[in-house]
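Quantities reported herein were computed from a predicted structural model and do not represent experimental measurements. Both backbone and side-chain heavy atoms feed into the values below; hydrogens, waters and symmetry mates do not.
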Amino acid sequence: MGEGSKRRRISSTKDKAGKAETKPKHSSWSWSWSDLPDQLLGLILGKLSLADIIHCCAVCSSWRSTAQSHCTQSTSTTPWLMLPGDEKYDSTTRCFFNLAENKVYKMKNAFEGFGKDAWCVGSSHGWLVILDDEAIPHLFNPFSRVRIQLPSIPNEFLSPNIDRDYFVQYLRKIFIAKAVLLADPSRSNNFGVVVICGSLSRLAFCKKGDTTWTELAVRSLSTYQQYVEYSDIICHDNQVYVLASDASVEVWDFRSSFPTKIMSIDKPSTLQKVVGNSFFIHNLSPKFYLVKTSTDFLFIKRFIGDFVNAEGLVVDEDYVLYNSEICPYRTKLFYVYRLNFRQNTWEQVESLNDQVVFLGGNQSISLSSHDLLECIPDSIYFTDDRWDEMDVDDSYGGHDIGFFNLDDQSIKPYYHLNLARIDPPSFWITPNLSMVKDKDDVS
């Protein structure tokens, strides 16, 4: 019932003897759901799922305020999977798959105002980093609908021979490889965004109040004078950890007025090589992720078969051409390493124990399976972040999702979608109903 529901009015009643009670016949006292005490409403909200709490936000303004305050103190830790809307040509609707309930929720007009082809490049703290149709970046919370516009990507970040129109039309979706937040804008006024961007694998950032992006570093040449790209970034305690494709790591401290590099972890001398025949290995492409658990830093290597046939076998391009068969790329296996800070090396681990890892275009996260009874322990739940492949073939893209179990080395689906192409690609997001701290930042 909402604020407009019919209000109850107390009228006179009679006792068994037929005498009228002392209450006035026409009392002016009335009651509505908005009058429910905050403390009592908070107790009720504590018994509800996040989806039900979202519904409560629509009852009235007082309920919305209480619900958002409640979620600030006890935000759900179970990530939801953001998917495109289920109707063709509907660019503003998004669907959200709740793992805990094994249920999909639809949010109409969630992306209204971003244009017809909004593109997500990051997810952390319950916020998305969105590029609109004009390549203007925004922070966006799809649950509270709060958005914060960020500065435009500077022209200096583009190659000299690329103009703005070409960038917007052709490079917008692949220019930023990953974006993470330094802090949750709902809980801190010192938030900011760090990105890996451009063909030179730049590291750039902007903080609250900045009018432009600042270049932090361009990846230098390795010891052997080979170009090594940044692969992933995560933020932990106002420090940004940057992983390179050679498994080296840089640590940047953002607590000062200008970030400073405080640590470098050299690339390891050896890492376990992929087991398999040369044909199998030759047709795999790796992706690299950095994950912070409650106790460790993990380096995760994801191996994707460039062409995988209907039987699940990795094939080559000649096979595809000869058989005229559509063979989309698919993830085949993962290797996991733990950082040994004392010896400055990566050590391979055979198990994540009770941990569950969520990775893809989002800031990689690790959670305990004791808090996620719906998830399989010792598993990696992944989404498709091979964004440069989205425009290669119209018949697939965004489809490579599932979970990998380290115990039995199997890959299984966690969500069944009868589509060969998911456009825009899916994203993990941890729901956050809190409002932004500074209303002046909201657009």
Side-chain angles (χ1 to χ4, degrees), residues 121-122 124 129 156-157 175-183 190-207 210 213-273 285-303 334-349 352 357 359 361-366 385:
V121 295
S124 52
V129 183
E156 303 82 63
F157 283 15
F175 183 77
I176 295 179
K178 176 70 75 74
V180 299
L181 276 72
L182 295 171
N190 298 316
F191 63 87
V193 180
V194 185
V195 299
I196 299 173
C197 64
S199 58
L200 294 178
S201 188
R202 301 175 192 267
L203 206 59
F205 72 94
C206 73
K207 291 185 176 182
D210 288 351
W213 293 82
T214 302
E215 183 179 324
L216 192 60
V218 177
R219 183 64 184 169
S220 60
L221 297 177
S222 69
T223 306
Y224 301 100
Q225 298 300 300
Q226 294 176 335
Y227 185 71
V228 181
E229 294 183 336
Y230 289 126
S231 297
D232 197 17
I233 46 177
I234 61 173
C235 182
H236 177 67
D237 288 341
N238 273 317
Q239 294 179 346
V240 171
Y241 296 76
V242 191
L243 174 70
S245 57
D246 62 356
S248 62
V249 176
E250 298 174 3
V251 184
W252 293 79
D253 190 347
F254 273 77
R255 287 174 290 191
S256 56
S257 57
F258 192 87
T260 55
K261 187 192 294 187
I262 60 174
M263 185 186 300
S264 291
I265 301 171
D266 295 333
K267 73 172 186 176
S269 56
T270 58
L271 282 175
Q272 180 182 354
K273 296 182 178 180
S285 294
K287 286 188 74 71
F288 309 104
Y289 305 89
L290 194 60
V291 184
K292 176 68 177 73
T293 72
S294 58
T295 57
D296 298 300
F297 283 91
L298 302 179
F299 165 45
I300 297 182
K301 296 181 72 173
R302 174 181 181 177
F303 295 95
F334 287 84
Y335 283 174
V336 180
Y337 306 86
R338 178 190 296 113
L339 179 60
N340 184 325
F341 272 104
R342 288 187 175 181
Q343 299 183 11
N344 206 24
T345 58
W346 292 107
E347 301 172 345
Q348 186 171 14
V349 296
L352 294 171
V357 171
L359 53 76
N362 58 294
Q363 172 168 295
S364 305
I365 54 177
S366 176
D385 58 353

In sequence, state the C-alpha distance, the side-chain angles, and the governing distance for Phe341 and Asp296, and then conclude on side chain to side chain contact (heavy atoms under 4.5 Å, CB included). CA-CA 10 Å; Phe341 272 104; Asp296 298 300; over 6 Å; no
For [Y], does its backbone N or O pair with a side-chain atom of [X] as donor and acceptor, under 3.5 Å?
{"X": "Asp232", "Y": "Leu290", "value": "yes"}
{"X": "Ser201", "Y": "Tyr230", "value": "yes"}
{"X": "Asp253", "Y": "Arg255", "value": "yes"}
{"X": "Lys178", "Y": "Asn362", "value": "yes"}
{"X": "Thr260", "Y": "Ile262", "value": "no"}

Chi angles and distances behind the side chain to side chain contact (heavy atoms under 4.5 Å, CB included) call for Val121, Val195: CA-CA 9 Å; Val121 295; Val195 299; 6.0 Å; no
So, using ring pair (Phe, Tyr, Trp, His ring centres under 6.0 Å) as the criterion, who are the partners of Phe175 when residues are at least two apart?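 With neighbours one apart ignored, the set is Phe167.
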Ring pair (Phe, Tyr, Trp, His ring centres under 6.0 Å) with Phe299: which residues, sequence neighbours excluded?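 By the ring pair (Phe, Tyr, Trp, His ring centres under 6.0 Å) rule, Phe299 matches Phe288, Tyr337, Trp346.
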If the condition is side-chain contact (heavy atoms from CB on, under 4.5 Å), which residues does Thr345 pass it with, not counting sequence neighbours?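 For Thr345 the side-chain contact (heavy atoms from CB on, under 4.5 Å) partners, ignoring immediate neighbours, are Asn340, Gln343, Glu347.
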Can a cation-pi geometry be assigned to Lys301 and Tyr335, taking NZ or CZ under 6.0 Å from the six-membered ring centre and within 45° of the ring axis?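 Checked: cation-pi criterion not met.
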Counterpart residues, side-chain hydrogen bond (donor to acceptor under 3.5 Å, both in side chains), relative to Thr293 (two or more places apart):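 Per chain and number, Thr293 pairs via side-chain hydrogen bond (donor to acceptor under 3.5 Å, both in side chains) with no residue.
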Under the side chain to side chain contact (heavy atoms under 4.5 Å, CB included) criterion, do Leu359 and Arg302 qualify, and how do the steps go? CA-CA 10 Å; Leu359 53 76; Arg302 174 181 181 177; 4.2 Å; yes
Contacts of Asp266 that satisfy salt bridge (charged side-chain N to carboxylate O under 4.0 Å, His left out) - sequence neighbours left out: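 Here no residue qualifies.
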What are the two closest non-hydrogen atoms of [X] and [Y], and how far apart are they?
{"X": "Glu215", "Y": "Phe258", "value": "O-CZ, 4.5 Å"}
{"X": "Cys197", "Y": "Phe157", "value": "SG-CD2, 4.1 Å"}
{"X": "Val291", "Y": "Ser364", "value": "CG2-CB, 3.6 Å"}

Within-4.5 Å side-chain heavy-atom neighbours: [X] and [Y]:
{"X": "Val242", "Y": "Val249", "value": "no"}
{"X": "Asn190", "Y": "Phe254", "value": "no"}
{"X": "Val193", "Y": "Leu182", "value": "no"}
{"X": "Ile365", "Y": "Val357", "value": "no"}
{"X": "Asp385", "Y": "Tyr289", "value": "yes"}
{"X": "Phe303", "Y": "Ser285", "value": "no"}

Can a side-chain donor-acceptor contact be found between Trp252 and Glu250 if the only test is distance below 3.5 angstrom?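 Short answer, yes.
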Between Leu203 and Ile196, does the side chain to side chain contact (heavy atoms under 4.5 Å, CB included) criterion hold? Intermediate values first, please. CA-CA 5 Å; Leu203 206 59; Ile196 299 173; 3.9 Å; yes
Under 3.5 Å donor-acceptor pairs involving side-chain atoms of residues 234-241, not counting sequence neighbours:
unit_1 : atom_1 : unit_2 : atom_2 : d
Gln239 : OE1    : Tyr241 : OH     : 3.1

